[in-house]
Amino acid sequence: MTPANLADTVLSAARAVFETRGLDVALLPAATTVERPRNPEHGDYASNLALQVGKKAGVVPRELATALAEELRRRAGVEAVEIAGPGFLNIRLDDASLGAIARLVVEAGSAYGHNSALSGEKVNLEFVSANPTGPIHLGHTRWAAVGDSLRRVLTAAGAEVTSEYYINDAGAQVDRFARSLFAAANGEPAPEDGYVGDYITEIAKEITDADPGLVGQPAEQALPIFLARGYELMLKEIRESLERFGVHFDVWFSEQTLHGGGAVEHAIEELRKQGHIFEDGGAIWLRTTDFTDDKDRVLIRSNGEKTYFAADAAYYINKRERGFDRCIYLLGADHHGYIGRLKAIAACAGDDPQKNIEILIGQLVNLVRGGQPVRLSKRAGNIITLDEMLDAVGPDAARYSLARSSTDSTLTLDIEEITKNSSDNPVFYVQYAHARICSLLRNAEEKKINRAEVYDPSRLSHERERNLLKTLGEFPGVVATAAELREPHRIAVYLEERVATDYHRFYDACQVLPKGDEPVSEFAQSRLWLAEATRTVLANGLDLLGVSAPERM
RNA sequence: GCGCUCGUAGCUCAGCGGAUAGAGCAGUGGACUUCUAAUCCACCGGUCGCAGGUUCGAAUCCUGCCGGGCGCGCCA
């Protein structure tokens, strides 16, 4: 019996109690949940339903709990029910009922943990979107790891997700980039407002190696070429770094295509139809203060130039016209000021800003080296790139350390810790559990012990077996919550603190295969089922994080 | 000044109103001739920033204050 099944059972028992007592069944919630108590003396699962509805129904919670307990004890699979505190129900399942989880997991395989909460929803998930004027660095990397994991989690919840990277290739910063390349190619110092760093000289060299005639050319002729070629090379490098990181984007969307293709004009027309466009001082404005913005925003400046905001509006409208029900933006905390105006764009376009647009703000990453703060600056050229991090620790450790904590908290990474002491990374604790199971399954095969022959769920009665079973049963709930709250770090916390821990503890206490010449124990088959079920959950969970599940370590 | 956000063990972080607030690292002490010791077990470590409020119950929700980060252009 899974926690979801048990919750349904508790609810149906409550209905029975309400009916026999003549209480209003409508007071019961549509759904309830059971919790796993921290204290093992409080049973396998606990329900607080009596506490939640007792008062509403005019019954003392403990009295309601007593009646509920009596009813629950009659249900199949329930071994014992106790009432505790103000009205908690502490429920213990029998071994066979709990053990059934392992079979369920193994049979579901790679689909275990998936759900259909978001099925039918077309989601556009935009993240990273770093300017194509420099390599991907640690500041962007958190969103790459979290965003890609969120893509996987939402997909597991049934959504049809398109991951998208918005390329800011239309503004002044790409001109600065081109002038920086031009200067480097001609051996001149970087322009005042330009970009510095080895990557500038490397890209400049790559361009001039392919076309030596560019050196010494006047700026008017050379700059467009440096811009086009540099942009192309930079984007290629960004794309390769992200692919190496295991982060995939379905769509690379160029801002230029909005400006050149009439998309901004089209967006202004759409917004005008909704009645939120006005002119003032020769500029065209969007009255975002009709909704959730603190000031109105200019779309077309009085000199006729389109603003960045105009592109934002056009981009949003473009996404909606491509059929996305939900446009999710993953932004760093330094962009939180955009929430109001982006939401207002959706509202001005006649959409529901609560549903069609969603802006997730994540706190930034702080870097320290040996405890001392490190200030990174692209201008100063001391940035730490994604590639450098990958060279130092590899994609698994990098992704895991960035994806395991909530984006609500500023993450402090110590460069010394992650580069020197990578074996301390908890990702290896999780991966090791998976590799250990694979080794066990290989040994079983060698000893010709076939898991599939027998599965007796009531054999798994050891406390550590029961704990592991309960943990495996939680996975679908963890995935569902991670999807609902857009918090993929919950997967990592669960794998690390629950699954891997409970497996290692089980492994320590429960021998599976015979030692030496001993006969095969009565537990072997059932424990192999449990091991395979655990392996399935670890593999599925690691996949949601974009981390590999190695068979050997 | 206005707004957003964060504040939990020495450090890095969990904890979508539930019972005695958890984990890793660091520190101390144990467990490998036997399925992978990248493991397990025990100990040490807390006024959940502060003060009120909401209620059967608050680290969690609300208000105020203190402290850190960030944002407030016809810039991109």
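Everything numeric here is computed off the predicted structure, so don't read it as measured data. Here is how names work: the chains are called A, B, and so on, in the same order as the sequence lines, proteins then strands, and each is numbered from 1. The analysis underlying the following values was restricted to heavy atoms, covering all of them including side chains, and did not include hydrogens, waters or symmetry mates.
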Have a look at A:Ala444 and say if it touches a base, only the backbone sugar-phosphate, or nothing, with a 4.0 Å heavy-atom cut-off.
-> nothing

Is the ring of A:Phe88 stacked on the base of B:A19, with centres less than 5.5 Å apart and planes under 30° off?
-> yes

Should the pair A:Tyr308 and A:Tyr166 be assigned to parallel (<30°), tilted (30 to 60°) or perpendicular (>60°) ring geometry?
-> perpendicular

Between A:Tyr429 and B:C40, does any side-chain N or O lie under 4.0 Å from OP1 or OP2?
-> yes

Without hydrogens or angle criteria, can the side chains of A:Gln173 and A:Asn168 be said to hold a donor-acceptor pair below 3.5 Å?
-> no

Any luck finding a side-chain donor-acceptor pair between A:His42 and A:Asn90 under 3.5 Å?
-> no

How close or far is atom P of B:A76 from atom CD1 of A:Ile167, stated in whole angstroms?
-> 19 Å

Tell me, please, whether A:Phe523 has A:Arg527 positioned over its six-membered ring: NZ or CZ under 6.0 Å from the ring centre and within 45 degrees of its axis?
-> yes

Tell me which nucleotide among B:G73, B:G18, B:U39 gets nearest to the side chain of A:Tyr432.
-> B:U39

Does a donor on one side chain sit under 3.5 Å from an acceptor on the other, for A:Thr501 and A:Tyr429?
-> yes

With heavy atoms under 4.0 Å as the rule, sort A:Asn443 into base, sugar-phosphate or nothing.
-> sugar-phosphate

Whole angstrom is fine here: how far is it from CG in A:Asp424 over to C1' in B:A23?
-> 14 Å

Just to confirm, is there a sub-4.0 Å distance from OP1 or OP2 of B:C74 to any side-chain nitrogen or oxygen of A:Lys306?
-> no

Is the closest side-chain donor-acceptor distance between A:Gln431 and A:Tyr400 under 3.5 Å?
-> no

OP1, OP2 of B:A76 versus side-chain N and O of A:Tyr308: anything below 4.0 Å?
-> no

Assign A:Lys447 to base, sugar-phosphate, or nothing according to its heavy-atom contacts below 4.0 angstrom with the strands shown.
-> nothing

Close N or O pairs between protein and nucleotides 42-46 of chain B (under 3.5 Å):
none

Tell me the partner of B:G46, counting only Watson-Crick (N1-N3 plus N6-O4 or O6-N4) or G-U wobble (N1-O2 and O6-N3) with both under 3.5 Å; none if nothing fits.
-> none

Which part of the nucleic acid does A:Ala283 contact within heavy-atom distance under 4.0 Å: base, sugar-phosphate only, or nothing?
-> base

What nucleotide, of B:A19, B:G18, B:A37, holds the atom closest to the side chain of A:Ala46?
-> B:A19

Any side-chain N or O of A:His489 under 4.0 Å from OP1/OP2 of B:G15?
-> yes

Counting side-chain heavy atoms from C-beta on, which of B:C35, B:G15, B:A76 comes nearest to A:Gln173?
-> B:A76

Between A:Tyr329 and A:Glu164, do the side chains contain an N or O donor and an N or O acceptor separated by less than 3.5 Å?
-> no

Base of B:U39 paired with side chain of A:Asp508 (donor-acceptor, under 3.5 Å) | no

When you get a sec, tell me which of B:U34, B:C74, B:A19 is the closest nucleotide to the side chain of A:His42?
-> B:A19

Just do the side chain to side chain contact (heavy atoms under 4.5 Å, CB included) check on A:Glu82 and A:Leu89 with the steps written out, would you?
-> CA-CA 6 Å; A:Glu82 282 172 16; A:Leu89 287 175; over 6 Å; no

Working for side chain to side chain contact (heavy atoms under 4.5 Å, CB included), residues A:Leu150 and A:Leu154 | CA-CA 6 Å; A:Leu150 184 57; A:Leu154 293 175; 4.0 Å; yes

May I ask you to verify whether the side chain of A:Asp334 and the base of B:G71 hold a donor-acceptor pair under 3.5 Å?
-> no

Atom CG of A:Asp294 and atom P of B:G71: how far apart are they, to the nearest Å?
-> 15 Å

May I ask you to say what A:Cys510 touches in the nucleic acid, namely base, sugar-phosphate or nothing, with a heavy-atom cut-off under 4.0 Å?
-> base

Rounded to the nearest Å, what distance is computed from the OH atom of residue A:Tyr503 to the P atom of nucleotide B:U39?
-> 14 Å

Could you tell me the separation between the CG atom of A:Leu440 and the P atom of B:A37, rounded to a whole number of Å?
-> 11 Å

Complement of B:C4, any strand, by Watson-Crick or G-U distances under 3.5 angstrom = B:G69

Answer yes or no as to whether B:G71 has its base stacked against A:His335, where stacking requires a ring-centre separation under 5.5 angstrom and planes under 30 degrees apart.
-> no

Parallel, tilted or perpendicular, as decided by the 30° and 60° cut-offs, for the rings of A:Tyr503 and A:Phe506 | tilted

Can you find an N or O donor on one side and an acceptor on the other, under 3.5 Å apart, linking the side chain of A:Thr481 with the base of B:C16?
-> yes

Take atom C1' in B:C13 and the same atom in B:G46, then report the distance between them in whole Å.
-> 15 Å

Using both distances under 3.5 Å as the test, list the Watson-Crick or G-U wobble partner of B:G10, or none.
-> B:C25

Find out whether the Lys NZ or Arg CZ of A:Arg341 is both under 6.0 angstrom from the six-membered ring centre of A:Tyr338 and within 45° of the ring's axis.
-> yes

Produce the list of close N/O pairs, under 3.5 Å, pairing protein atoms with atoms of nucleotides 4-13 of chain B; give distances to one decimal.
residue	atom	partner	partner atom	Å
B:U5	O2'	A:Gln363	NE2	2.8
B:U12	O3'	A:Thr412	O	3.2
B:C13	OP1	A:Thr410	O	3.1
B:C13	OP1	A:Thr412	N	2.2

Testing B:U36, B:G22, B:G18 for proximity to the side chain of A:Arg38, the answer is B:G22

Name the closest nucleotide to the A:Lys55 side chain, picking from B:A38, B:C56, B:C35.
-> B:C56

Contact class for A:Gly281 (heavy atom, under 4.0 Å): base, sugar-phosphate, or nothing?
-> base

Across the strands shown, which category fits A:Val493 at heavy-atom distances under 4.0 angstrom: base, sugar-phosphate, nothing?
-> sugar-phosphate

Step by step, would you call A:Cys348 with A:Arg272 a side chain to side chain contact (heavy atoms under 4.5 Å, CB included)?
-> CA-CA 9 Å; A:Cys348 286; A:Arg272 195 188 300 278; over 6 Å; no

Nearest-Å distance for atom pair CD/P, residues A:Glu496 and B:A23 | 12 Å

For residues 443-451 of chain A, tabulate all N or O donor-acceptor pairs below 3.5 Å that involve a side-chain atom, not counting sequence neighbours.
residue	atom	partner	partner atom	Å
A:Asn443	ND2	A:Ser439	O	3.4
A:Lys447	NZ	A:Pro514	O	3.4
A:Asn450	OD1	A:Ala452	N	3.0

What nucleic acid atoms does A:Ala509 come within less than 4.0 Å of, heavy atoms only: base, sugar-phosphate, or nothing?
-> nothing

Starting from the 5' end of RNA chain B, give me the residue, A:Glu518 or A:Tyr45, whose nearest nucleotide shows up first.
-> A:Tyr45

For A:Gln431, report the nucleic acid contact type (base, sugar-phosphate, nothing); a contact means any heavy atom under 4.0 Å.
-> nothing

Glycosidic conformation of B:C35, syn or anti, with 90° from 0 as the boundary?
-> anti

Can a donor-acceptor pair be found between the side chains of A:Tyr507 and A:Arg436 at a distance below 3.5 Å?
-> no

Using heavy atoms to find the nearest nucleotide of RNA chain B for A:Arg341 and A:Glu35 separately, return the residue whose nucleotide is more 5′.
-> A:Glu35

With centres under 5.5 Å and planes under 30°, do A:Tyr507 and B:U39 count as stacked?
-> no

Which base, if any, makes a Watson-Crick or G-U wobble pair with B:U54, both distances under 3.5 Å?
-> none

Is there a donor N/O on one and an acceptor N/O on the other, under 3.5 Å, for the side chain of A:Asn90 and the base of B:A19?
-> yes

For A:Glu551, report the nucleic acid contact type (base, sugar-phosphate, nothing); a contact means any heavy atom under 4.0 Å.
-> base

Across all strands shown, which nucleotide pairs with B:C32 by Watson-Crick or G-U wobble geometry, both distances under 3.5 Å?
-> none

